[in-house]
Amino acid sequence: MKDSFSVKNHYEFRRAYNKGLRKGGRYMVVNVLRSSRENSRLGLSVSRKFGNSVQRNRFKRLVRESFRKIRGDLKGNFDIFVTARFSERAAANPQRKLRAVYVPSSSEVHRDLVRILRTLGVLAYENANDDPEPGSRAET
RNA sequence: CAAGCAGACUCGACGGUCGCGGGCGGUAACGAAAGGACCCGUCUGAGGAAAGUCCGGGCUCCGCAGGGCAAGGGUGCCGGGUAACACCCGGUGAAGGUGACUUCCAGGAAAGUGCAACAGAAAACAACCGCCCGUUCUACGGGUAAGGAUGAAAAGGCGAGGUAAGAGCUCACCGGCAUUGCGGUAACGUAAUGGCCGUGUAAACCCCACCCGGAGCAACACCGUUAUGGGCCGCAUGGCUUGCCCGGCCGGCCUGAGGUGGCUCGAUUUCGGCAGUGAUGUUGAAACUAGAUAGAUGACCGUCUUAAACGACAGAACCCGGCUUACAGGCCUGCUUGGACC
RNA sequence: GGCCCCUUGGUCAAGCGGUUAAGACACGGCCCUUUCACGGCUGCGACACGAGUUCGAUUCUCGUAGGGGUCA
């Protein structure tokens with residue numbers, strides 16, 4: 001993620017949590033704040049409780065990919081903060097670590113993010129069928 | 001063919017579209033220039049465990065550049081390998097398996113101390129019952145470790161001789177120990193002789209031999225910012241090594257935008273030759289193979305593989321050598337046992 | 001990323017290798033009281049997990065898991 005598209009400073013996260021619009025989805029909670037910059041930015045937060053480093057990294061990559069697709073469709077410039085949501089599925093085997101967290105697929109993450117942003121009214125289009133995601137929807 | 005043993009390799013492949021980190025080159029804005037992008041081109045981009053942080057080293061700083069003592073920790077059959085190790089290799093011994101082979105923190109209990117609950121007469125200077133002998137005979141004294149009972153463990157095992165009853169008291173075999181000879185670098189093996197004496201525990205203290213200064217890349221260095229600031233403690237404490245002694249120095253401690261270097265050419269990787277049973281050593285040729293800093297590998301499509309589904313464990317953070325732990329499959333080599341056929 | 005520490009009932013916690021695993025609070029029952037509280041009696045309930053050493057492990061050793069602290 002290029003620097004101008006990502007939010008890193010702690011105080012900016014704090015400001016978004018206090019003042020931004022908030023909406024929770026199935027896999028994430030999103031805070032949105034209108035930005036005066038020349039482009040929109042993305043801030044990511046994934047707790048260690050979400051899973052091991054492979055699972056955390058994968059979630060962040062999927063969110064970045066989804067953000068990249070819809071970046072041009074926003075009604076202006078926003079700072080979008082995504083916090084991963086996790087549910088500790090009761091592990092079938094109690095000896096196992098508490099890592100039995102479901103990591104959603106790419107299309108699930110994308111659908112979730114689009115729905116939340118549409119509800120918050122920051123996407124330029126209103127209809128879900130206008131979803132610009134490429135070929136992945138092709139049913140075979 | 002079946003069951004198994006040991007070792008090695010791999011971690012989907014190929015193509016396409018979009019996207020990301022790093023190197024190199026170029027260019028736009030901006031700059032007098034040097035330069036310089038999030039733009040363009042090109043090359044390149046996670047593991048066998050990257051993990052746990054359990055050992056060993058490199059590297060950096062402190063100490064050694066004041067001296068000493070004591071602790072503390074580690075290793076533990078023998079020989080070899082290595083930068084080093086607690087690792088590896090080859091042996092020895094013990095245990096398990098028909099076997100291939102596997103497993104073992106494997107020194108000392110005759111230097112000393114401690115502990116061994118309950119049960120039992122007794123847990124290491126053995127006499128409760130029993131057996132034998134004697135006497136003043138329902139008792140006492142003496143002898144005795146064959147038998148009983150307890151226990152995790154009971155005073156080498158078993159048989160014969162022997163005896164009042166017994167006992168390694170004597171003898172054969174087995175086991176242990178010591179001495180000597182022989183083989184072996186050694187651990188040890190083996191033969192002869194000797195006497196029979198002492199349970200277990202050292203992952204109890206300990207003894208013996210050998211090894212170890214402390215801290216860690218958030219180290220450390222530089223630039224910038226600042227602080228000649230703010231707060232706390234205080235006259236004998238605090239810091240400089242875990243403790244102590246002597247000596248020395250300094251009042252002490254806390255509080256903080258950032259950036260750059262360290263940062264990847266190294267006990268490196270690949271393919272061979274030679275030496276060695278092997279670990280490994282040596283030598284020749286070739287190669288350069290992540291370097292991020294909230295942290296780069298992802299998404300989608302097609303074909304192949306598959307009964308079907310991309311599908312286990314899992315993400316470098318200064319770097320190496322090991323160990324340990326997690327793990328779905330695939331594939332190759334050698335060997336063992338059993339069966340069938342020729 | 002490095003370096004340390006801890007794990008015993010619901011909570012806080014003692015514990016020489018041999019205990020019925022001490023105790024306190026909490027919880028249940030009974031007594032006391034007109035009732036509640038206090039107090040008394042009584043009960044329930046635990047050694048994180050897996051191996052090893054040992055006759056015997058909460059304790060000693062090794063590994064695993066979980067939790068916590070600290071360093072720019």
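Protein chains get the first letters and strands the later ones, always in sequence-line order, with residue 1 at the start of each. Both backbone and side-chain heavy atoms feed into the values below; hydrogens, waters and symmetry mates do not. This one's a predicted model, so the numbers in the text were calculated from it and none came from an experiment.
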A.B. asks: Should C30(C) form a Watson-Crick or G-U wobble pair with both distances under 3.5 Å, which nucleotide is its partner?
C.D. replies: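 Across any shown strand, C30(C) pairs with G40(C).
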A.B. asks: Rounding to an integer number of Å, can you tell me how far F59(A) CZ sits from G295(B) C1'?
C.D. replies: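 Going from F59(A) (CZ) to G295(B) (C1'), I get 17 Å.
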A.B. asks: Report the base-pairing partner of G45(B) (Watson-Crick or G-U wobble, both distances below 3.5 angstrom), or none.
C.D. replies: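 For G45(B), the partner nucleotide comes out as C20(B), under the 3.5 Å rule.
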A.B. asks: Measuring from atom CZ of R22(A) to atom CG of N31(A), what distance do you get when rounded to the nearest 0.5 angstrom?
C.D. replies: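 Between R22(A) CZ and N31(A) CG, I get 5.0 Å after rounding to 0.5 Å.
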A.B. asks: Should I116(A) and I70(A) be counted in the same cluster of Ile, Leu, Val, Met, Phe, Trp and Tyr side chains packed under 4.5 Å apart?
C.D. replies: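 I116(A) and I70(A): one cluster.
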A.B. asks: For atom P, what is the distance between U60(B) and G41(B), given to the nearest Å?
C.D. replies: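 It comes out at 44 Å once rounded to the nearest Å.
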A.B. asks: Just how far, in rounded Å, is P of A299(B) from CG of L113(A)?
C.D. replies: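 My rounded result for the distance is 16 Å.
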A.B. asks: Given atom CD of E108(A) and atom P of C300(B), what is their separation to the nearest angstrom?
C.D. replies: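 Taking atom P of C300(B) as the reference, CD of E108(A) is at 11 Å.
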A.B. asks: Please classify U297(B) as syn or anti, treating any glycosidic angle within 90° of 0 as syn.
C.D. replies: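 Classified anti.
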A.B. asks: Considering heavy-atom distances to RNA chain B, does N57(A) or L44(A) have its closest nucleotide positioned more toward the 5' end?
C.D. replies: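 Nearest-nucleotide comparison on RNA chain B picks L44(A).
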A.B. asks: Which nucleotide, if any, forms a Watson-Crick or G-U wobble pair with C5(B), using both distances under 3.5 Å?
C.D. replies: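 The base-pairing partner of C5(B), which may sit in any strand shown, is G334(B).
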A.B. asks: Tell me the closest heavy-atom pair linking R115(A) and G25(A), and the distance in Å.
C.D. replies: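 Here R115(A) and G25(A) meet closest at NH2-CA, 4.4 Å.
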A.B. asks: Please round to the nearest 0.5 Å and tell me the distance separating atom CZ of R56(A) and atom OG of S45(A).
C.D. replies: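 Answer for the CZ-OG pair, R56(A) versus S45(A), is 11.0 Å.
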A.B. asks: For A14(C), what is the paired nucleotide under Watson-Crick or G-U wobble rules, both distances under 3.5 Å?
C.D. replies: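 Its partner: none found.
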A.B. asks: State the pairing partner of G99(B); accept Watson-Crick or G-U wobble contacts with both distances under 3.5 Å, and report none otherwise.
C.D. replies: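 Across all strands, not a single nucleotide pairs with G99(B).
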A.B. asks: What integer distance in Å separates K69(A):NZ from C20(B):P?
C.D. replies: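 It is 14 Å, rounded to the nearest whole Å.
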A.B. asks: If you measure from the C1' atom in G48(B) to the same atom in U324(B), how many Å do you get, rounded?
C.D. replies: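 Looking at atom C1' only, G48(B) and U324(B) are 14 Å apart.
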A.B. asks: For G315(B), does the base pair up with any side-chain atom of R61(A) as donor and acceptor (N or O, under 3.5 Å, distance only)?
C.D. replies: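 Yes.
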A.B. asks: Any strand counts, and the cut-off is 3.5 Å on both contacts for Watson-Crick or G-U wobble. Which nucleotide pairs with C115(B)?
C.D. replies: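 For C115(B), the partner nucleotide comes out as G200(B), under the 3.5 Å rule.
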A.B. asks: Identify the pairs formed between an N or O of the protein and an N or O of nucleotides 16-18 of chain B at a distance under 3.5 Å, and give each distance.
C.D. replies:
unit_1	atom_1	unit_2	atom_2	d
C18(B)	O2'	R68(A)	NH1	3.1

A.B. asks: Are L120(A) and M28(A) connected into the same hydrophobic cluster when the rule is that any two of I, L, V, M, F, W, Y join if their side-chain heavy atoms are below 4.5 Å apart?
C.D. replies: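 Yes: a chain of side-chain contacts under 4.5 Å links M28(A) to L120(A).
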A.B. asks: Distance between the P atoms of C87(B) and C49(C), in whole angstroms?
C.D. replies: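 Going atom to atom, P in each nucleotide, I get 29 Å.
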A.B. asks: Please work out whether A46(B) sits syn or anti, treating a glycosidic angle within 90° of 0 as syn.
C.D. replies: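 Syn.
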A.B. asks: Check whether any side-chain nitrogen or oxygen of S106(A) sits under 4.0 Å from OP1 or OP2 of A299(B), and answer yes or no.
C.D. replies: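 No, outside the criterion.
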A.B. asks: Once you apply the 3.5 Å cut-off to both distances, tell me the Watson-Crick or G-U wobble partner of G284(B), or none.
C.D. replies: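 Across all strands, the one nucleotide that pairs with G284(B) is C271(B).
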A.B. asks: In plain terms, say whether E65(A) and R68(A) are close enough for a salt bridge, that is, a side-chain N and a carboxylate O under 4.0 Å apart.
C.D. replies: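 Judged by the 4.0 Å cut-off on N to carboxylate O distance, E65(A) and R68(A) do form a salt bridge.
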A.B. asks: Counting only side-chain nitrogens and oxygens, does R56(A) get under 4.0 Å of the OP1 or OP2 atom of A294(B)?
C.D. replies: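 Indeed not, no polar side-chain atom of R56(A) lies that close.
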A.B. asks: Which distance, rounded to the nearest 0.5 Å, do you find between the OG of S106(A) and the NZ of K69(A)?
C.D. replies: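 Going from the OG atom of S106(A) to the NZ atom of K69(A) covers 5.0 Å.
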A.B. asks: Just the rounded figure in Å: distance from P of A294(B) to CZ of F81(A).
C.D. replies: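 Distance check: F81(A) CZ to A294(B) P gives 15 Å.
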A.B. asks: Nearest-Å distance, NZ (K60(A)) to C1' (G298(B))?
C.D. replies: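 Spelled out: NZ on K60(A) to C1' on G298(B) is 13 Å.
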A.B. asks: In this structure, how many angstroms lie between the C1' atom of A296(B) and the CZ atom of R58(A), rounded?
C.D. replies: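 In whole Å, A296(B) C1' and R58(A) CZ are 16 Å from each other.
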A.B. asks: Determine the Euclidean distance between corresponding C1' atoms of G36(B) and C30(B); express it in Å to zero decimal places.
C.D. replies: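 One C1' to the other, the span is 9 Å.
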A.B. asks: Could you work out the separation of A204(B) and A95(B) based on their P atoms and round it to a whole Å?
C.D. replies: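 About 25 Å, rounded to a whole number of Å.
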A.B. asks: Sticking with atom C1', work out how far A127(B) lies from U92(B), rounded to a whole angstrom.
C.D. replies: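 A127(B) and U92(B) have their C1' atoms separated by 47 Å.
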A.B. asks: Rounded to the nearest 0.5 Å, what separates atom CD1 in I80(A) from atom CZ in R71(A)?
C.D. replies: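 It comes to 10.5 Å.
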A.B. asks: Among V114(A), V82(A), L62(A), which residue satisfies the side-chain contact (heavy atoms from CB on, under 4.5 Å) criterion with V109(A)?
C.D. replies: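 Only one of V114(A), V82(A), L62(A) forms a side-chain contact (heavy atoms from CB on, under 4.5 Å) with V109(A), namely L62(A).
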A.B. asks: Quote, to the nearest angstrom, the P distance that separates G66(C) from G322(B).
C.D. replies: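 Result for the P pair: 28 Å, nearest Å.
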A.B. asks: Could you work out the separation of A34(B) and C38(B) based on their C1' atoms and round it to a whole Å?
C.D. replies: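 These two C1' atoms come out 23 Å apart once rounded.
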A.B. asks: Syn or anti for G168(B), with syn set at within 90° of 0?
C.D. replies: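 Syn for G168(B); the angle stays within 90° of 0.
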A.B. asks: Partner of G302(B) by Watson-Crick or G-U wobble geometry, both contacts under 3.5 Å, or none?
C.D. replies: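 When the pairing criteria are applied, C14(B) turns out to be the nucleotide that pairs with G302(B).
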A.B. asks: Syn or anti for G48(B), taking syn as within 90° of 0?
C.D. replies: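 Classified syn.
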A.B. asks: Could you classify C313(B) for me, syn or anti, using a glycosidic angle within 90° of 0 as syn?
C.D. replies: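 Base orientation relative to the sugar is anti.
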A.B. asks: Check the pair R64(A), L44(A) against side chain to side chain contact (heavy atoms under 4.5 Å, CB included), reporting the backbone distance first and the verdict last.
C.D. replies: CA-CA 9 Å; R64(A) 280 197 203 104; L44(A) 283 169; 3.9 Å; yes
A.B. asks: Does A296(B) have its OP1 or OP2 closer than 4.0 Å to a side-chain nitrogen or oxygen of R64(A)?
C.D. replies: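 True: R64(A) side-chain N/O within range (under 4.0 Å) of A296(B) OP1/OP2.
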